[in-house]
Amino acid sequence: MASFESIKKVGIIGAGTMGRGIVMNFVNAGYPVTWLDVNGEMLEKGLVDIASVYKRSVAQERFDDAEAQARLGRITTTQDYAALQDMDLVVEAVYENMDLKKKIFAELDKAVKASAILATNTSYLDIDEIASATGRPTQVLGLHFFSPAHIMKLLEVVRGKATAQDVMDACLAVGKKIGKQAVLAGNCHGFIGNRMLEKYSRQSREVVLEGSTPWEVDQALQGFGMAMGPYRMYDVVGVDLGWRSRQLAGVGRGEPIVWLDNKLCEMERFGQKSGHGFYKYEPGSRQAIHDPETDMLAREVAEEAGYTQRDIGAEEIVRRCILALVNEGARILDEGFAESAEDIDRVYLYGYGFPAERGGPMSYADSLGLDVVLKQIRELEASQGEFWKPAAGLVKRAEAGERFTKG
């Protein structure tokens with residue numbers, strides 16, 4: 001039986017950005033960590049990076065040098081799977097590639113004791129397929145950390161079809177111990193947060209094709225209270241990520257909503273990291289500066305895609321982006337991939353910068369009145385088509401005068 005108490009030693013695989021953040025989560029909470037990467041240089045660089053994060057914390061008087069040394073002292077590095085033999089929990093945090101993850105899980109299954117829990121930090125990939133590479137699918141699950149992993153409060157704990165209840169419970173408790181808001185999610189593409197984000201992002205791009213600009217979209221959503229508008233977020237994440245994966249998949253051009261991204265990437269405007277994406281950045285600064293050239297490029301792309309541009313106000317931008325979140329959240333509830341509307345709200349409050357005073361997308365829908373929300377979604381369906389088909393659970397609740405949340 002897996003239990004919270006039985007998890008004493010933790011293994012982490014991958015010395016990239018996510019791996020480093022996850023290591024800090026565990027050592028900060030007192031867990032000894034064995035950190036594996038096949039690349040020794042990456043591990044050394046990772047240790048240097050963690051030491052510099054702790055040095056800054058000491059300088060800011062968050063804790064003293066003795067504590068920083070104690071935390072670093074809990075990390076053991078290795079390039080050998082055999083060193084993970086007696087771990088109780090292993091978290092894999094390599095990049096999003098199914099074949100690579102399955103290969104790692106097959107290795108772990110051989111190397112790590114039979115009672116250990118094996119977790120993958122994936123944002124989208126199928127937990128069941130990853131588990132199929134092992135002989136212990138009941139002990140495999142997703143632990144989806146958000147970047148930067150040592151700062152962001154959200155942890156999606158993702159249940160595979162075979163994951164045992166005691167394994168889920170143990171990992172939810174560990175999530176709490178490492179200071180996270182741990183939310184149970186079902187195994188669907190994008191789980192809760194990213195599945196909803198896909199719909200929000202699509203609307204943020206559609207309105208630009210129809211006549212808005214990236215700058216106006218961000219101003220509208222930041223005005224609503226979002227911590228960061230979607231285009232600023234694309235710049236932070238890297239505009240080139242989607243572009244490169246489209247090229248790898250052989251769909252280089254994609255549909256019109258990504259043509260502006262493609263154009264920016266062809267100009268080597270990859271976002272914050274290259275000093276120029278949808279916004280401009282001064283050297284060494286993360287301050288996003290409005291770039292009128294981006295607005296011009298957006299107009300060109302829309303014209304090329306055959307759109308007739310019109311004026312789109314802030315109210316319409318907010319309505320479409322936020323209602324896209326709400327409708328998909330309702331669908332996730334209908335399909336049983338979230339335990340409650342409150343859990344969906346926690347995902348958005350702690351992982352996606354949704355304004356706290358609005359309580360999360362589902363609470364916000366309740367505050368508008370679900371009859372009003374349904375009416376607005378049906379109007380959008382009439383003018384925009386299939387994307388806006390209202391979720392069955394939304395229709396049912398609106399017609400019965402009910403709410404999503406228990407508040």
- request: Let me know which of Val157, Leu141, Val158, Ile192 forms a side chain to side chain contact (heavy atoms under 4.5 Å, CB included) with Leu184.
  value: Val157
field: Check: Asn327 side chain, Ala391 main-chain N or O, donor-acceptor pair, under 3.5 Å
entry: yes
query: Is the number of heavy atoms from other residues, nucleotides or ligands under 6.0 Å of Glu41 CD greater than 12?
result: no
message: Tell me the closest heavy-atom pair linking Leu394 and Ala330, and the distance in Å.
response: CB-CB, 4.2 Å
query: Any chance the rings of Tyr364 and Tyr348 have centres within less than 6.0 Å?
result: no
message: Measuring from atom CG of Asp169 to atom CD of Gln165, what distance do you get when rounded to the nearest 0.5 angstrom?
response: 4.5 Å
message: Test of understanding: with side chain to side chain donor-acceptor pair (under 3.5 Å), list the residues that count as partners of Arg136, not counting sequence neighbours.
response: Asp109
field: Residue Gln384 excluded, over 12 heavy atoms near CD under 6.0 Å
entry: yes
message: Just to verify, which of Ile332, Val183, Thr122, Val347 counts as forming a side chain to side chain contact (heavy atoms under 4.5 Å, CB included) with Phe191?
response: Thr122
task: Check the pair Lys176, Leu155 against side chain to side chain contact (heavy atoms under 4.5 Å, CB included), reporting the backbone distance first and the verdict last.
output: CA-CA 9 Å; Lys176 217 169 182 174; Leu155 175 67; over 6 Å; no
- request: Keeping to residues at least two apart or across chains, list the ring pair (Phe, Tyr, Trp, His ring centres under 6.0 Å) pairs with something in residues 20-69.
  value: Phe26-Tyr31, Tyr54-Phe63
- request: Provide the closest heavy-atom pair for Gly359 versus Leu349 in the form atom of the first, atom of the second, distance.
  value: O-CD1, 3.9 Å
statement: Taken in chain and number order and not counting sequence neighbours, the residues that satisfy salt bridge (charged side-chain N to carboxylate O under 4.0 Å, His left out) with Glu381 are none
query: Are there more than 12 heavy atoms of other residues, nucleotides or ligands under 6.0 Å from atom CD of Gln287?
result: no
task: Please report the C-alpha distance between Asp334 and Arg331 in whole Å, then the side-chain angles of each, then the deciding distance to 0.1 Å, and finally whether the salt bridge (charged side-chain N to carboxylate O under 4.0 Å, His left out) criterion is met.
output: CA-CA 5 Å; Asp334 290 348; Arg331 240 181 229 118; over 6 Å; no
Any donor-acceptor pair under 3.5 Å from Ser52 side chain to Asp49 backbone: yes
query: Which pairs with one or both residues in residues 68-85 pass salt bridge (charged side-chain N to carboxylate O under 4.0 Å, His left out), sequence neighbours excluded?
result: Glu67-Arg71
- request: Answer yes or no: is there a donor N or O on one side and an acceptor on the other, between the side chain of Arg253 and the main chain of Val258, under 3.5 Å?
  value: no
Contact summary for Gln222 and Met228, nearest pair of heavy atoms: OE1-C, 3.7 Å
- request: Report yes if some heavy atom in the side chain of Asn187 is under 4.5 Å from a heavy atom in the side chain of Lys161; otherwise report no.
  value: no
task: Using only heavy-atom distances, determine whether the side chains of Asn25 and Lys180 contain a donor-acceptor pair under 3.5 Å.
output: yes
query: If you measure from CZ on Arg20 to CG on Leu47, what distance do you get to the nearest 0.5 Å?
result: 10.5 Å
message: Side chains of Lys101 and Glu96, heavy atoms from C-beta outward: is any pair under 4.5 Å?
response: yes
field: Exercise: identify the closest heavy-atom pair between Ala170 and Ile7
entry: CB-CD1, 4.1 Å
task: For the pair Asp371 (side chain) and Ala398 (backbone), establish whether a donor and an acceptor sit closer than 3.5 Å, ignoring hydrogens and angles.
output: no
- request: Just do the salt bridge (charged side-chain N to carboxylate O under 4.0 Å, His left out) check on Glu316 and Arg320 with the steps written out, would you?
  value: CA-CA 6 Å; Glu316 183 184 341; Arg320 283 170 60 177; 2.8 Å; yes
message: Run Lys273 and Asp240 through salt bridge (charged side-chain N to carboxylate O under 4.0 Å, His left out) and show every step you take.
response: CA-CA 10 Å; Lys273 61 187 169 193; Asp240 56 324; 2.9 Å; yes
message: So Leu72 and Ile50, do their side chains get closer than 4.5 Å, heavy atoms only?
response: yes
task: For residues His150 and Phe145, determine if any side-chain heavy atom of one lies less than 4.5 Å from a side-chain heavy atom of the other.
output: no
field: Residues in side chain to side chain contact (heavy atoms under 4.5 Å, CB included) contact with Pro230, at least two apart in sequence or another chain
entry: Tyr200, Ser204, Val217, Asp218, Leu221, Tyr234
field: Neighbour count >12 (heavy atoms, 6.0 Å) for atom CZ, Arg244
entry: yes
- prompt: Is a salt bridge present between Glu303 and Arg299, judged by a nitrogen-to-oxygen distance below 4.0 Å?
  reply: no
Give every donor-acceptor pair under 3.5 Å between a side-chain atom in residues 110-117 and any protein atom, sequence neighbours left out.
from: Lys113; atom 1: NZ; to: Asp88; atom 2: OD1; distance (Å): 2.6

statement: OG1 (Thr294) and NZ (Lys263) are apart, to the nearest 0.5 Å, by 12.0 Å
message: Please evaluate residues Arg202 and Glu328 with respect to the criterion salt bridge (charged side-chain N to carboxylate O under 4.0 Å, His left out), reporting the C-alpha separation (whole Å), side-chain torsions for both, the decisive distance (0.1 Å), and the verdict.
response: CA-CA 12 Å; Arg202 174 169 282 274; Glu328 195 63 17; over 6 Å; no
query: Can you tell me how far OG1 of Thr120 sits from CE of Met98, rounded to the nearest 0.5 angstrom?
result: 8.5 Å
task: Verify whether one side chain among Asp291 and His276 offers a donor that lies under 3.5 Å from an acceptor in the other.
output: yes
Donor on one side chain, acceptor on other, Asn262 and Glu266, under 3.5 Å: no
Val38 side chain reached by Gln79 side chain, heavy atoms, under 4.5 Å: no
message: I'd like to know if Lys103 and Glu107 make a salt bridge, using a cut-off of under 4.0 Å between side-chain N and carboxylate O.
response: no
field: Residue pair Cys188 / Arg195, side-chain heavy-atom distance below 4.5 Å
entry: yes
field: Flag side-chain contact, heavy atom, 4.5 Å: Gln139 against Leu118
entry: no
task: Any chance you could measure Tyr350, atom OH, to Lys153, atom NZ, to the nearest 0.5 Å?
output: 9.0 Å
message: Rounded at 0.5 Å granularity, tell me how far CZ in Phe270 sits from CG in Leu241.
response: 10.5 Å
message: Tell me if the CZ atom of Arg310 is crowded by more than 12 foreign heavy atoms within 6.0 Å.
response: yes
task: Give the C-alpha distance, both sets of side-chain angles, the deciding distance and a yes or no for side chain to side chain contact (heavy atoms under 4.5 Å, CB included) between Ser363 and Arg403.
output: CA-CA 8 Å; Ser363 296; Arg403 302 160 52 91; over 6 Å; no
query: Would you say the side-chain atoms of Thr163 pair up with the backbone N or O of Val140, donor to acceptor, closer than 3.5 Å?
result: yes
salt_bridge(Glu5, Lys177) N-O dist < 4.0 Å: no
message: I'd like to know if Glu255 and Arg205 make a salt bridge, using a cut-off of under 4.0 Å between side-chain N and carboxylate O.
response: no
Short side-chain to backbone donor-acceptor contact, Asp366 and Thr405, under 3.5 Å: yes
task: State, without any angle test, whether Asn194 and Tyr352 hold a side-chain donor-acceptor pair at a distance under 3.5 Å.
output: yes
- prompt: Does the side chain of Met87 reach to within under 4.5 Å of the side chain of Leu84, using non-hydrogen atoms?
  reply: yes
